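The next block holds one structure in the form of structure tokens; read it before the comments.
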Amino acid sequence: MTTGFFDGISPAKFVGDGEGTEFDYRHYNPDEMVMGKRMEDHLRFAIAYWHSFAWEGGDPFGGATFERPWHPQDNQSRAKLKADVAFEMFDIIGQPYYCWHDADIRLEGDTFAQSLRNFEEIIDYFGEKMSSRNIKLLWGTANMFSHRRWMSGASTNPDPDVFAYSAATVKTCMDATQKLGGENYVLWGGREGYETLLNTDMGRELDHMGRFLNMVVEYKHKIGFKGTILVEPKPQEPSKHQYDYDAATCYGFLQKYGLENEVKLNLEQGHAILAGHGFEHEIATAAALGVFGSIDMNRNDYQSGWDTDQFPNNVPEVALAYYHILKAGGFTTGGTNFDAKLRRQSLDAADLIAAHTGAMDICARGLKAAAAMIEDGELEDALQERYSGWDDPAAKAMLDSDFDSIFEKVVSGDIAPEPRSGKQERLENIVNRFV
């Protein structure tokens, strides 16, 4: 028995240059070897439950546009119907992973205990569906930003009862992630920030947030969770200012609270743009600091001032992202989660399938271009040549010396550096050969 929601749509398959439906893959071939590794194992695609199934098509200026059989999620039967449809879509698309928030998948109860019973019922339902399929949980997380209880934050809330509610919520989500074999656990602090400093004790809020994250790590070790704890940076929206602004800010926070060896980052393209960065900047920063973990793949509309969460369609952008991911050694427990949603005018079930298969093709093209750039080696050779002066023993020794000794060397040697070209346009031309 099927729900019938995707009637007439067959499972997507790789056809390459051959004939196929609009939903088939032209570039994503799970078994294609790229740099000695299967493409599926490089990309580790996941579908986001919240955008694909929980979201109803609203925006800040208008209500729901999607009329799905499981909307609104006002009882557990509809929550199970939503799960039925979700796993039917997973069967069609054939991606190896999916992700959820607790609020995406269960009915909100009148009490915490009732919400927990509803949550555990759906987790068991997921487990049954996963047992007959080759699909895994990339990560679970808690929605601590939508309900009115979170309006002043979760771990940073001025009310200790909300902190307690947050801790209990994350515990249940970590337990569920562990039960389903999840490979990571993510925290995104959408309300962990402020609207105005007039009512904000920033030092106290940061300390509480740091202690909360330490509790998460402590609980991870207590239950023997083998996955990675991930924090997701974003500069603002819904808060005016969020404490996990970008990769560099998060690393400073992790260092301050002794977590830099315990927590890594889940980076999102749209969030990078809101922070004034490129996606590759955030990936390269996290990699350089040793905290790269996973990515949310999407894009923003560059003419809009908010996080539009569109599906990726720009191969050069995606290729540069995967170029830095491959240079950093690729994913370990992380992957490529499509934190992306349909446009509110894209109403059909077919739109949902096409958005994901098209995005997977874009990522496959980007990955292959990134691998080709690495195997070609010209970009890396140019980079090494630019810094080759630092390979000289005298240059290395200078880093272990002091100002006085460097001063004497400059004066006695009459050092007068001449600038050298950065060759930016020539390097961009190299990239353009591959994308």
Side-chain angles (χ1 to χ4, degrees), residues 28 34 37 39-52 95-101 136-141 182-188 227-235 244-248 250-251 263-275 277-300 307-341 355-356 359-371:
Y28 177 59
V34 178
K37 190 174 179 179
M39 183 180 288
E40 180 181 82
D41 297 331
H42 270 297
L43 292 166
R44 294 167 60 86
F45 285 131
I47 290 177
Y49 208 92
W50 51 99
H51 282 329
S52 293
Q95 88 291 349
Y97 294 97
Y98 72 108
C99 304
W100 47 253
H101 299 82
K136 295 172 284 187
L137 180 65
L138 186 66
W139 47 260
T141 187
E183 299 186 17
N184 306 270
Y185 185 82
V186 172
L187 298 104
W188 175 62
T228 304
I229 302 299
L230 299 165
V231 167
E232 183 168 329
K234 188 178 183 181
D244 48 7
Y245 191 95
D246 61 5
C250 285
Y251 183 72
V263 177
K264 296 188 183 299
L265 302 184
N266 182 58
L267 303 167
E268 180 178 316
Q269 198 267 5
H271 295 179
I273 299 302
L274 287 181
H277 305 310
F279 196 19
E280 67 270 24
H281 166 87
E282 288 290 88
I283 295 168
T285 299
L289 296 172
V291 290
F292 173 73
S294 194
I295 64 170
D296 278 358
M297 180 62 79
N298 57 24
R299 80 180 196 276
N300 279 357
D307 195 13
T308 55
D309 286 327
Q310 295 172 242
F311 282 87
N313 72 348
N314 186 318
V315 174
E317 280 187 346
V318 170
L320 288 174
Y322 283 119
Y323 179 77
H324 288 282
I325 290 171
L326 291 176
K327 281 187 64 175
F331 296 117
T332 53
T333 62
T336 303
N337 176 48
F338 288 113
D339 191 354
K341 59 193 177 189
H356 284 90
M360 290 164 74
D361 261 353
I362 290 289
C363 291
R365 291 174 64 188
L367 176 74
K368 289 189 283 188

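Hydrogens, waters and symmetry mates play no part in the numbers below; they use all other heavy atoms, side chains included. Everything quoted here is computed from the prediction, not taken from an experiment.
Nearest approach of S52 to I47, heavy atoms of both residues: OG-CG2, 3.7 Å. The shortest heavy-atom contact between N337 and A46 is OD1-O, 3.4 Å. The two residues V318 and G366 have their closest heavy-atom pair at CG1-CA, 4.1 Å. Nearest heavy-atom pair across W139 and Y185 is CB-N, 4.3 Å. Residues L43 and C363 come closest through the heavy atom pair CD2-O, 4.1 Å. For the residue pair L230 and G293, the shortest heavy atom distance occurs at CD2-CA, 3.9 Å.
Sorted by first then second residue, the salt bridge (Lys or Arg N to Asp or Glu O under 4.0 Å) pairs that include residues 314-323, not counting sequence neighbours, number zero.
In terms of modelled atom types and a separation under 3.5 Å, the side chain of S294 and the main chain of G335 share a donor-acceptor contact. Side-chain atoms of Q310 never come within 3.5 Å of backbone atoms of R299 as a donor-acceptor pair (strictly under, hydrogens ignored). Checking side-chain atoms of N184 against main-chain N and O of T333 turns up a donor-acceptor pair under 3.5 Å. Looking only at distances, a side-chain donor or acceptor of H42 sits under 3.5 Å from a matching main-chain atom of V34. Between the side chain of N300 and the backbone N or O of G270 there is at least one donor-acceptor pair closer than 3.5 Å. A side-chain donor-acceptor contact under 3.5 Å links K264 to the backbone of G290.
In this structure, CZ on F45 lies 5.0 Å from CE on M360, to the nearest 0.5 angstrom. Distance check: D246 CG to H281 NE2 gives 6.0 Å after rounding to the nearest 0.5 Å. A distance of 12.0 Å separates OG1 in T228 from CZ in F331, rounded to the nearest 0.5 Å. Distance CD/Q269 to CG/D309: 10.0 Å, rounded to 0.5 Å. One finds the CD1 atom of I283 at 11.5 Å from the CG atom of L265 (value rounded to the nearest 0.5 Å). Interatomic distance, NE2 of H324 versus CG of L326, reported as 10.5 Å (0.5 Å rounding).
With contacts defined as side-chain heavy-atom distances shorter than 4.5 Å, the pair N298/F338 does not qualify. Two residues are said to be in side-chain contact when any heavy atoms from C-beta on lie closer than 4.5 Å; L187 and I229 meet this criterion. You'll find the side chain of L267 reaches within 4.5 Å of the side chain of F292, heavy atoms only. Taking the side chain as every heavy atom from C-beta outward, Y251 and T285 never approach each other to under 4.5 Å. The shortest side-chain heavy-atom distance between L138 and R44 falls under the 4.5 Å cut-off. With a 4.5 Å cut-off on side-chain heavy atoms, H356 and F311 count as touching.
Residues forming a ring-ring contact (aromatic ring centres under 6.0 Å, His included) with Y97 (at least two apart in sequence, or on another chain): none. Contacts of E232 classified as side-chain contact (heavy atoms from CB on, under 4.5 Å), with partners at least two apart in sequence or in another chain: V186, W188, N266, E268, H271, D296, D339.
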The test is side-chain contact (heavy atoms from CB on, under 4.5 Å); show your working for I362 and M297 and say whether it passes. CA-CA 11 Å; I362 290 289; M297 180 62 79; over 6 Å; no
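Ring orientation note: the planes of Y49 and Y98 are tilted relative to one another, at an angle of 30° to 60°.
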